[in-house]
Amino acid sequence: MTALLTAILANPTVIAILAGIVGAIGWGLRQRRAGASAAINAQKAKEADAYAKHIQDIADAANARPSRLPNDDPYNRDNR
């Protein structure tokens, strides 16, 4: 086992290949984490926009006034 490990670690080509594999795995994991973070931030922004719209809808409803009095209806639809 020691002889095999010594032979592998003594060869600079094998070391470079192993370093490349480890680097590629590390880069892939970093990209995966960055993508997940971007997705979470996009979802938070979407929820914040929806909440702001909801608050604006509530404010608009609180400030709403009827466009005319109910008894101004020529067909008396409210009195049936």
Check your understanding: At what distance, to the nearest 0.5 angstrom, does CG of Asn11 lie from OG1 of Thr6?
Key -> 12.5 Å
Review point. With the threshold set at 4.0 Å, does a side-chain nitrogen-carboxylate oxygen contact exist between Lys53 and Asp49?
Key: no
Practice item. Mind checking the NE2-OH spacing from His54 to Tyr51? Nearest 0.5 Å is all I need. Key: 7.0 Å
Practice item. Rounded to the nearest 0.5 Å, what's the gap from CG on Asn41 to NZ on Lys44? Could you check? Key: 6.5 Å
Exercise for review: Kindly compute the distance separating CD1 (Ile8) from CG (Leu4), expressed to the nearest 0.5 Å.
Suggested key: 4.0 Å
Review point. Nearest heavy-atom pair of Ile15 and Leu9: which atoms, and what distance?
Key: CD1-O, 2.9 Å
